[in-house]
Chemist: 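Quick one: structure below, then a few questions.
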Amino acid sequence: MSERTRSATMRLLGVLTAVPVLLLTLSVASVSAAEQEDYSAGQIQDWLVDKIETTTVGVTTPPSVTLDLANNRMDVEGFTFEVRGVAVGLNELRLTFNGADTSVAVAGELDVLGKNPRFWCDLVIECTDTDGIPRVTSISDVKIADYEPDLSTEDLDTIAEKLNRIIEASEVSIGSPGAKLFSIDVVDTDKVELTWSDPTTTTLHEALPIEQAVSDAADTLASKANSYFAEDPARWWVDVVIADEQLQIDCEASFHGITVGLRDFNVDFDTLNASVAAATVYIGTTPQEATFLAAGEIAVSGGIPSLTMTDLTMDNTHPNLRDFVVDIQDALLHAIDQAVDNVVSSTGLESGLATVDDIAVVGTVLRLTGSVAVNIDIELKQGWNMVSVPV
């Protein structure tokens with residue numbers, strides 16, 4: 001036998017000897033296997049409907065009201081709500097009165113998706129009905145952060161209409177004596193004076209009752225929202241379709257007379273990248289529309305999904321809105337990431353796969369594919385054993 005042949009034979013014998021020794025010492029094996037989870041459009045829609053129906057809206061903190069005599073101003077703080085771990089509302093609202101009429105200079109700070117942009121506008125308020133509900137008759141000079149939108153008269157009227165819908169839904173009242181509101185003035189550190197005409201009269205409102213009225217209004221809005229989600233699904237709907245290699249979602253809600261909706265939210269998947277090419281969000285009975293595209297990266301760690309937004313861009317229908325989104329894009333993308341994390345945590349959304357390597361539309365299902373570690377108990381006998389991974 002040649003030296004080369006002898007060497008090869010010795011290596012083969014070494015391998016054959018090592019295999020049974022290894023198997024005899026093996027009690028538990030860990031192998032990798034591909035696993036899949038399939039979700040139909042009906043399953044996704046049922047999950048969304050269930051989570052909407054069980055959504056609760058809560059007041060974060062009771063609003064506080066203080067009166068500033070020197071600046072003829074009323075400050076409201078803490079008018080903020082929480083929905084699925086996401087805060088939305090007002091951190092602060094400052095109403096500076098003219099004293100000679102019902103014009104009000106408004107300044108405040110929003111709480112939206114964890115961000116707190118400042119805003120300003122001028123309002124004119126009226127109150128002529130016996131219900132005592134104040135209503136906005138005009139709005140002008142709107143500014144949000146450094147953004148001054150070029151809003152048409154129709155746009156401003158639409159904003160005023162939506163504000164009035166919310167005010168009416170809150171059931172807040174300033175107690176009209178059946179006359180027309182003429183002026184608003186802070187006359188003491190704890191009193192607001194309302195002057196009414198036809199006939200001329202005055203009414204005084206103290207800070208503490210005003211604070212209670214604002215707090216009651218916040219609680220009323222939260223209660224109505226909870227009832228709306230849980231008891232009246234006919235006024236909102238979600239439609240999920242899987243077709244054309246896309247996950248397609250449309251939804252609409254009519255809340256306190258305000259209709260908002262999303263259509264053509266068609267998601268394309270490429271491994272773990274998700275993108276929406278041309279979705280439209282709309283608001284109002286005569287809809288104001290904006291079309292956008294979005295993209296993000298999905299990850300699953302320990303079964304918990306997360307999203308990292310990579311793009312959000314508006315089309316050219318509203319150039320000022322498009323430019324505003326571009327200016328705040330980084331902050332907006334981060335805010336959406338945080339909001340998604342809060343919603344995932346609140347809803348308990350979890351994959352049966354510890355990690356997901358691919359998401360794709362396959363036929364009529366959304367398929368998640370991942371690699372999982374599988375522990376296998378192997379009972380071995382003395383001597384040779386034949387072992388195979390599960391198939």
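Just so you know, these numbers use all the heavy atoms, side chains as well, and skip hydrogens, waters and symmetry mates.
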Chemist: Ignoring hydrogens, what is the shortest heavy-atom contact between S215 and P63? Give both atom names and the distance.
Modeler: CA-CD, 3.8 Å
Chemist: Does this structure show an ion pair linking K224 with E171, if we count only N-O contacts that are shorter than 4.0 Å?
Modeler: yes
Chemist: Among the clusters formed by ILVMFWY side chains lying less than 4.5 Å apart, do V240 and V49 turn up in the same one?
Modeler: yes
Chemist: Given side chains that start at C-beta, do those of I249 and L262 come closer than 4.5 Å, heavy atoms only?
Modeler: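 With C-beta onward as the side chain, the pair stays apart.
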Chemist: Near E245 CD, under 6.0 Å, is it more than 12 heavy atoms from other residues, nucleotides or ligands?
Modeler: no
Chemist: First locate atom OG of S254, then atom CZ of R165, and finally report the distance between them rounded to the nearest 0.5 Å.
Modeler: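 Output value for this atom pair is 8.5 Å.
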Chemist: Hey, what do you get for CG (L368) to CD (E37), rounding to the nearest 0.5 Å?
Modeler: 6.0 Å
Chemist: Enter the distance from M309:CE to Q329:CD here, rounded to the nearest 0.5 Å.
Modeler: 9.0 Å
Chemist: Verify whether one side chain among D155 and T158 offers a donor that lies under 3.5 Å from an acceptor in the other.
Modeler: no
Chemist: Which residues pass the side-chain hydrogen bond (donor to acceptor under 3.5 Å, both in side chains) test with R94, not counting sequence neighbours?
Modeler: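 For R94 the side-chain hydrogen bond (donor to acceptor under 3.5 Å, both in side chains) partners, ignoring immediate neighbours, are E92.
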Chemist: Let's go through K115 and E109 carefully: what are the C-alpha distance in whole Å and the side-chain angles of both, what is the deciding distance for salt bridge (charged side-chain N to carboxylate O under 4.0 Å, His left out) to 0.1 Å, and is it a yes or a no?
Modeler: CA-CA 10 Å; K115 301 301 176 183; E109 183 180 84; over 6 Å; no
Chemist: What's the spacing between L349 CG and S306 OG if we round to 0.5 Å?
Modeler: 11.0 Å
Chemist: Taking all non-hydrogen atoms of both residues, which atom of I144 and which atom of P117 are closest, and how far apart?
Modeler: CG2-CB, 4.4 Å
Chemist: Around atom CZ of F97, are there more than 12 heavy atoms from other residues, nucleotides or ligands closer than 6.0 Å?
Modeler: yes
Chemist: Go through it in stages, so that I can follow the logic: the residues are D315 and T317, the test is side chain to side chain donor-acceptor pair (under 3.5 Å), and I'd like the CA-CA distance, side-chain angles, deciding distance and then a yes or no.
Modeler: CA-CA 6 Å; D315 72 353; T317 305; 2.8 Å; yes
Chemist: Tell me, please, which residues at least two apart from E168 pass salt bridge (Lys or Arg N to Asp or Glu O under 4.0 Å).
Modeler: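 E168: salt bridge (Lys or Arg N to Asp or Glu O under 4.0 Å) contacts with R135.
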Chemist: Using atom types as modelled, flag every donor-acceptor pair under 3.5 Å from a side chain in residues 203-211 to any protein atom, sequence neighbours excluded.
Modeler:
| from | atom 1 | to | atom 2 | distance (Å) |
| --- | --- | --- | --- | --- |
| T203 | OG1 | W196 | NE1 | 3.0 |
| T203 | OG1 | H205 | NE2 | 3.3 |
| E211 | OE1 | V65 | N | 2.9 |

Chemist: Could you state whether V241 and V276 fall into the same hydrophobic cluster, counting links through intermediate Ile, Leu, Val, Met, Phe, Trp or Tyr residues with side-chain heavy atoms under 4.5 angstrom apart?
Modeler: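 In one cluster with V241: V276, no.
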Chemist: Enter the distance from D264:CG to Q246:CD here, rounded to the nearest 0.5 Å.
Modeler: 9.5 Å
Chemist: Do T80 and T61 come within less than 4.5 Å of each other through their side chains, counting heavy atoms only?
Modeler: no
Chemist: Ignoring hydrogens and geometry beyond distance, is a side-chain donor-acceptor pair present between R84 and T54 at under 3.5 Å?
Modeler: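 Short answer, yes.
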Chemist: Membership question, hydrophobic clusters at under 4.5 Å side-chain separation (ILVMFWY): are L332 and M314 in the same one?
Modeler: yes
Chemist: Would you say L333 and L312 make side-chain contact, with heavy atoms under 4.5 Å?
Modeler: yes
Chemist: Do you know the tightest heavy-atom contact between L69 and V187?
Modeler: CD1-C, 3.7 Å
Chemist: Any salt bridge (charged side-chain N to carboxylate O under 4.0 Å, His left out) involving residues 297-314? Give me the pairs, sequence neighbours left out, ordered by first then second residue.
Modeler: none
Chemist: Is there a side-chain contact between D146 and D327 in this structure, where contact means two heavy atoms from C-beta onward sitting under 4.5 Å apart?
Modeler: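 D146 does not reach D327 side chain to side chain.
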Chemist: Please identify each residue that fulfils side-chain contact (heavy atoms from CB on, under 4.5 Å) with V340, with sequence neighbours left out.
Modeler: L307, I336, V344
Chemist: Please, which pairs that meet salt bridge (charged side-chain N to carboxylate O under 4.0 Å, His left out) have at least one residue in residues 357-369, sequence neighbours excluded?
Modeler: D38-R367
Chemist: Does the side chain of L366 come within less than 4.5 Å of I242's, by heavy atoms?
Modeler: yes
Chemist: If we ignore angles and hydrogens, is there a donor and acceptor under 3.5 Å between the side chains of T202 and T195?
Modeler: no
Chemist: Taking ring pair (Phe, Tyr, Trp, His ring centres under 6.0 Å) as the test, write out the residues that go with F182, two or more places apart.
Modeler: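 If we apply the ring pair (Phe, Tyr, Trp, His ring centres under 6.0 Å) test to F182, skipping adjacent residues, there are no hits.
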Chemist: Does any N or O in the side chain of D50 come within less than 3.5 Å of the main-chain N or O of D46, such that one atom is a donor and the other an acceptor?
Modeler: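 No, D50 side chain to D46 backbone: no donor-acceptor pair under 3.5 Å.
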Chemist: Test side-chain contact (heavy atoms from CB on, under 4.5 Å) on D141 and C121 and set out the steps.
Modeler: CA-CA 5 Å; D141 298 327; C121 69; 5.9 Å; no
Chemist: Just so I know, are the side chains of W237 and D239 near enough to count as touching, which here means a heavy-atom distance under 4.5 Å?
Modeler: yes
Chemist: Would you list the pairs meeting ring pair (Phe, Tyr, Trp, His ring centres under 6.0 Å) in which at least one residue belongs to residues 54-91, sequence neighbours left out?
Modeler: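 Every ring pair (Phe, Tyr, Trp, His ring centres under 6.0 Å) pair that includes a residue of residues 54-91, provided the two are not neighbours, is F79-F81.
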Chemist: Kindly check if the number of other-residue, nucleotide or ligand heavy atoms within 6.0 Å of NZ (K180) is above 12?
Modeler: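 No.
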Chemist: Quick test of your reading: applying salt bridge (charged side-chain N to carboxylate O under 4.0 Å, His left out), list the pairs with at least one residue in residues 68-78, sequence neighbours left out, ordered by first then second residue.
Modeler: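 Residue pairs passing salt bridge (charged side-chain N to carboxylate O under 4.0 Å, His left out), neighbours aside: D68-R73, R73-D75.
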Chemist: Under 4.5 Å between any side-chain heavy atoms of V192 and L194, yes or no?
Modeler: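 A side-chain contact under 4.5 Å exists here.
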Chemist: Start with the C-alpha gap between L151 and V142, add the side-chain angles, then the distance that decides, and say whether side-chain contact (heavy atoms from CB on, under 4.5 Å) holds.
Modeler: CA-CA 8 Å; L151 298 171; V142 177; 4.1 Å; yes
Chemist: Hey, any chance V326 and V281 share a hydrophobic cluster, counting ILVMFWY side chains that come within less than 4.5 Å of each other, even indirectly?
Modeler: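 No.
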Chemist: CG of D122 to CD1 of I139: how many Å apart, nearest 0.5 Å?
Modeler: 9.0 Å
Chemist: Can you name the closest pair of heavy atoms from G85 and N342 and give their distance?
Modeler: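 Nearest pair, atom of G85 first, then N342: O-ND2, 3.0 Å.
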Chemist: Just do the side-chain contact (heavy atoms from CB on, under 4.5 Å) check on V356 and S351 with the steps written out, would you?
Modeler: CA-CA 9 Å; V356 173; S351 168; 4.1 Å; yes
Chemist: Look at the rings of F324 and Y147 and say which category their plane angle falls in: under 30° parallel, 30 to 60° tilted, over 60° perpendicular.
Modeler: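 The rings of F324 and Y147 lie parallel, inter-plane angle below 30°.
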Chemist: Are side-chain N/O atoms of S103 and D101 paired as donor and acceptor at under 3.5 Å?
Modeler: yes
Chemist: Go through Y282 and V260 one step at a time and tell me if the side-chain contact (heavy atoms from CB on, under 4.5 Å) criterion holds.
Modeler: CA-CA 6 Å; Y282 57 91; V260 295; over 6 Å; no
Chemist: Within the structure provided, determine whether V57 and V83 are in side-chain contact (heavy-atom separation under 4.5 Å).
Modeler: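 In contact.
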Chemist: Do you know the tightest heavy-atom contact between I359 and F269?
Modeler: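 The answer is O-CB, 3.2 Å.
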Chemist: Between I166 and L221, which heavy-atom pair has the shortest distance, and what is it?
Modeler: O-CD2, 3.9 Å
Chemist: Using a 4.5 Å cut-off between side-chain heavy atoms of Ile, Leu, Val, Met, Phe, Trp and Tyr, which other residues end up in the same hydrophobic cluster as L293?
Modeler: none
Chemist: May I have all residue pairs that pass ring pair (Phe, Tyr, Trp, His ring centres under 6.0 Å) and include part of residues 335-366, sequence neighbours excluded?
Modeler: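 Matches after skipping sequence neighbours: none remain.
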Chemist: Do L163 and W120 belong together in a cluster built from hydrophobic side chains that touch within less than 4.5 Å?
Modeler: no
Chemist: Can you list everything that forms a side-chain hydrogen bond (donor to acceptor under 3.5 Å, both in side chains) with T96? Sequence neighbours excluded, please.
Modeler: none
